[in-house]
*Asks:* 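Quick one: structure below, then a few questions.
Quick note: residue numbers are just sequence positions, from 1. Side chains are part of it too, since the values below use all heavy atoms of this structure and drop only hydrogens, waters and symmetry mates. What you see is a predicted model; the values in this text were computed from it and never measured. Atoms within each ligand, like the ligands themselves, are counted from 1 in listed order.
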Amino acid sequence: MSLSVHEQQSLQPFNTFGVAVKAHWYAEASTDAEVREALAAAAALGAPLLVMGGGSNLLLTGDLDALVLRMVSRGRRLLAEEGGQVLVEAEAGEPWHPFVLWTLEQGLAGLENLSLIPGTVGAAPVQNIGAYGVELKDVLHSLLAFDRQSGELREFRVDECEFAYRHSRFKRESGRWLILRVRFALSRQAVLHLDYGPLRQRLQQQGIDVPTPLAVSQAVCAIRAEKLPDPQVLGNAGSFFKNPLVDEALAGQLRERWPGLVGYPAGDGQVKLAAGWLIEQAGWKGYRDGDAGVHALQALVLVNYGGATGRQLLALAQRIQADIRTRFGVDLEIEPVVC
Ligand SMILES: Cc1cc2nc3c(=O)[nH]c(=O)nc-3n(C[C@H](O)[C@H](O)[C@H](O)COP(=O)(O)OP(=O)(O)OC[C@H]3O[C@@H](n4cnc5c(N)ncnc54)[C@H](O)[C@@H]3O)c2cc1C
């Protein structure tokens, strides 16, 4: 099928904040050929090309004078198996959570802790998605990306992706790499990660002492459903701020003043503070200004009660950042991509 380009397309259904903005040009790509066509179309229009997946890590602050390309490619397959290690490949446009469930149905372990994260397979490496003690880098084998500068395809091994906390080479070189397919190293012998948050406790409460990967996935889904607002009901992009890394000296000073400070050793003399705790302490939890607000149960999540614009949500985020800087001397970094 060849690419069809639409004009003045509303992006409201395609971003989980539910912000009402338009793309000057909009297209969907389900094949590599359509990706190439979109790049050629953008060049012919003299417009930048913005790639998106599920729009669950985006804050759109105004109409986009760009060609917005939504990745809708589908396909997932087992590529190789040896000694219980299984190589699995998925197309960039595959919705993430159904893909996780599919791997579990194949009897494969590795992605269970990353259940119920919105978005697509192709965007998952961009911010090295993570949850419940597992990050994408722990299970990624390699990926295939299109170099928008040279027009060539390039394969990246996991060690070439520069993965860090909610960061990667693809985020650093934003606009250069368009991820087409991702390969995962999964396993038939589960090595479960249950020590993060209330996961083990939840399983024990259910009487499960020796969980399967599927049971872990179900527990993760249950905990997430209690903690995080469903974007179908209340617009949001998950955690709005990264947990800040500060040096131990500052963490020590803060702990003297606020003994309940939540932080975890992060190596290299650094401590990762819980951004949600800082925001809650500062009194922002449940705050609402018009239709832009801070979720009543989870201070790390900004929400759109219906009619908030991206600019209003960004203005609220900036007020929170300034307040946290003044109170704690800590800089909060915004996690979603702002465009
Ligand atoms: C309720 C909720 C809970 C969440 N929980 C978590 C969580 O636990 N952990 C976590 O890490 N994140 C979480 N997120 C954030 C989000 O789901 C992830 O970052 C997800 O990977 C974004 O995928 P997406 O397809 O929606 O990307 P989009 O929002 O569409 O795009 C995000 C960025 O990736 C780029 N991009 C998208 N596709 C491609 C591609 N194929 N090639 C190159 N670049 C691309 C875009 O240009 C943009 O810069 C949550 C979000 C919500 C709404």
Side-chain angles (χ1 to χ4, degrees), residues 11 14-19 28-30 32 35 38-39 48-60 64 66-73 90-97 99-100 111 113-137 143-148 154 156 161 163-182 196-197 220-221 223-243 295 297-298 300-304 334-339:
L11 296 180
F14 303 135
N15 73 97
T16 59
F17 259 125
V19 162
E28 296 181 348
S30 52
D32 294 3
V35 167
L39 283 156
L49 182 127
L50 175 78
V51 59
M52 67 182 291
S56 64
N57 209 28
L58 287 180
L59 179 61
L60 302 171
L64 295 168
L67 170 55
V68 172
L69 182 69
R70 198 159 73 91
M71 294 301 291
V72 296
S73 48
E91 300 294 320
E94 277 286 332
W96 177 259
H97 181 59
F99 168 64
V100 171
L111 299 181
N113 291 43
L114 302 177
S115 296
L116 212 59
I117 298 180
T120 53
V121 165
V126 175
Q127 76 148 2
N128 181 27
I129 58 168
Y132 297 95
V134 174
E135 289 185 326
L136 189 82
K137 69 171 174 54
L143 62 81
L144 188 72
F146 185 83
D147 183 350
R148 291 168 54 180
R154 159 128 190 229
F156 289 89
C161 295
F163 285 128
Y165 167 60
R166 299 295 181 274
H167 197 69
S168 71
R169 173 175 196 158
F170 315 104
K171 202 163 184 180
R172 181 172 64 76
E173 295 182 335
S174 159
R176 175 163 183 193
W177 302 103
L178 202 158
I179 297 168
L180 297 171
R181 279 178 272 296
V182 184
Y196 197 92
V220 166
C221 290
I223 298 167
R224 291 182 68 99
E226 283 165 15
K227 274 181 50 182
L228 289 167
D230 177 356
Q232 302 281 353
V233 179
L234 189 59
N236 75 92
S239 303
F240 198 85
F241 300 101
K242 291 186 184 182
N243 290 319
H295 193 240
L297 300 176
Q298 176 51 268
L300 203 48
V301 177
L302 295 198
V303 292
N304 176 7
I334 290 175
E335 186 184 297
V337 175
V338 179
C339 7

*Asks:* Thinking salt bridges, do Glu28 and Arg70 make one under a 4.0 Å N-O criterion?
*Replies:* yes
*Asks:* Do Thr120 and ligand 1 have an N or O pair less than 3.5 Å apart?
*Replies:* yes
*Asks:* Can you list the atoms of ligand 1 that are under 4.0 Å from a heavy atom of Gly130?
*Replies:* 7 (C), 8 (O), 9 (N), 10 (C), 11 (O)
*Asks:* Students should be able to answer this: which protein heavy-atom is nearest to atom 24 (P) of ligand 1, and at what distance?
*Replies:*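 Ranked first by proximity to atom 24 (P) of ligand 1 is Gly54 N, 3.4 Å.
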*Asks:* Heavy-atom distances under 4.0 Å are what count here, so tell me which part of Ser56 touches ligand 1: side chain, backbone, both or neither.
*Replies:* both
*Asks:* Look at atom 32 (C) of ligand 1 and say which protein heavy atom is nearest, naming residue and atom and giving the distance to 0.1 Å.
*Replies:* Asn57 CB, 4.0 Å
*Asks:* Which is closest to atom 20 (C) of ligand 1 by heavy-atom distance: Ala124, Gly93, Ala123, Pro118?
*Replies:*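 Shortest heavy-atom distance from atom 20 (C) of ligand 1: Pro118.
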*Asks:* Does an N or O from Val51, backbone or side chain, lie closer than 3.5 Å to an N or O of ligand 1?
*Replies:*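 By distance alone, the answer is yes.
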*Asks:* Heavy atom under 4.0 Å from ligand 1: found in Met52's side chain, backbone, both, or neither?
*Replies:* both
*Asks:* Tell me the contacting part of Trp96 for ligand 1: side chain, backbone, both, or neither, using a 4.0 Å heavy-atom threshold, strictly below.
*Replies:*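 For Trp96, no heavy atom sits under 4.0 Å from ligand 1.
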*Asks:* Looking only at non-hydrogen atoms, which of Ser174, Gly122, Pro231 approaches atom 39 (C) of ligand 1 most closely?
*Replies:*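 The nearest heavy atom belongs to Gly122.
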*Asks:* Quick one: does Gly53 get an N or O within less than 3.5 Å of an N or O on ligand 1?
*Replies:*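 Yes, Gly53 has an N/O under 3.5 Å of an N/O on ligand 1.
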*Asks:* Considering only the protein, which heavy-atom contact is closest to atom 10 (C) of ligand 1, and what is its distance?
*Replies:*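 Ranking protein heavy atoms by distance from atom 10 (C) of ligand 1, first comes Gln127 NE2, 3.5 Å.
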*Asks:* May I ask you to list the atoms of ligand 1 that are less than 4.0 angstrom from any heavy atom of Trp177?
*Replies:* 43 (C)
*Asks:* What part of Asn236 sits under 4.0 Å from ligand 1 if we count only heavy atoms: the side chain, the backbone, both or neither?
*Replies:* both
*Asks:* Taking 4.0 angstrom as the limit and counting only heavy atoms of Val126, give me the atoms of ligand 1 inside it, by number and element.
*Replies:* 34 (O), 44 (N), 45 (C)
*Asks:* Against heavy atoms of Gly119, which atoms of ligand 1 measure under 4.0 Å?
*Replies:*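 Atoms satisfying the 4.0 Å criterion: 23 (O), 24 (P), 25 (O), 26 (O).
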*Asks:* State the atoms of ligand 1, each with its element, that fall below the 4.0 Å cut-off from a heavy-atom position in Leu58.
*Replies:* 29 (O), 48 (C)
*Asks:* What protein heavy atom sits nearest atom 14 (N) of ligand 1, and how far off is it?
*Replies:* Ile117 CG2, 4.2 Å
*Asks:* Against heavy atoms of Thr16, which atoms of ligand 1 measure under 4.0 Å?
*Replies:* 53 (C)
*Asks:* Can you list the ligand 1 atoms lying under 4.0 Å from a non-hydrogen atom of Leu178?
*Replies:* 42 (N), 43 (C)
*Asks:* Taking 4.0 Å as the limit for heavy-atom contacts, which would you say applies to Lys171 with ligand 1: side chain only, backbone only, both, or neither?
*Replies:*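 It is neither part, as no heavy atom is under 4.0 Å.
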*Asks:* Which is closest to atom 28 (P) of ligand 1 by heavy-atom distance: Ala29, Gly55, Pro125?
*Replies:* Gly55
*Asks:* Is it the case that atom OH in Tyr165 sees more than 12 heavy atoms from other parts of the structure closer than 6.0 Å?
*Replies:* yes
*Asks:* To check your reading of the model: name the closest protein heavy atom to atom 52 (C) of ligand 1, its residue, and the distance in Å.
*Replies:* Gly238 N, 3.3 Å
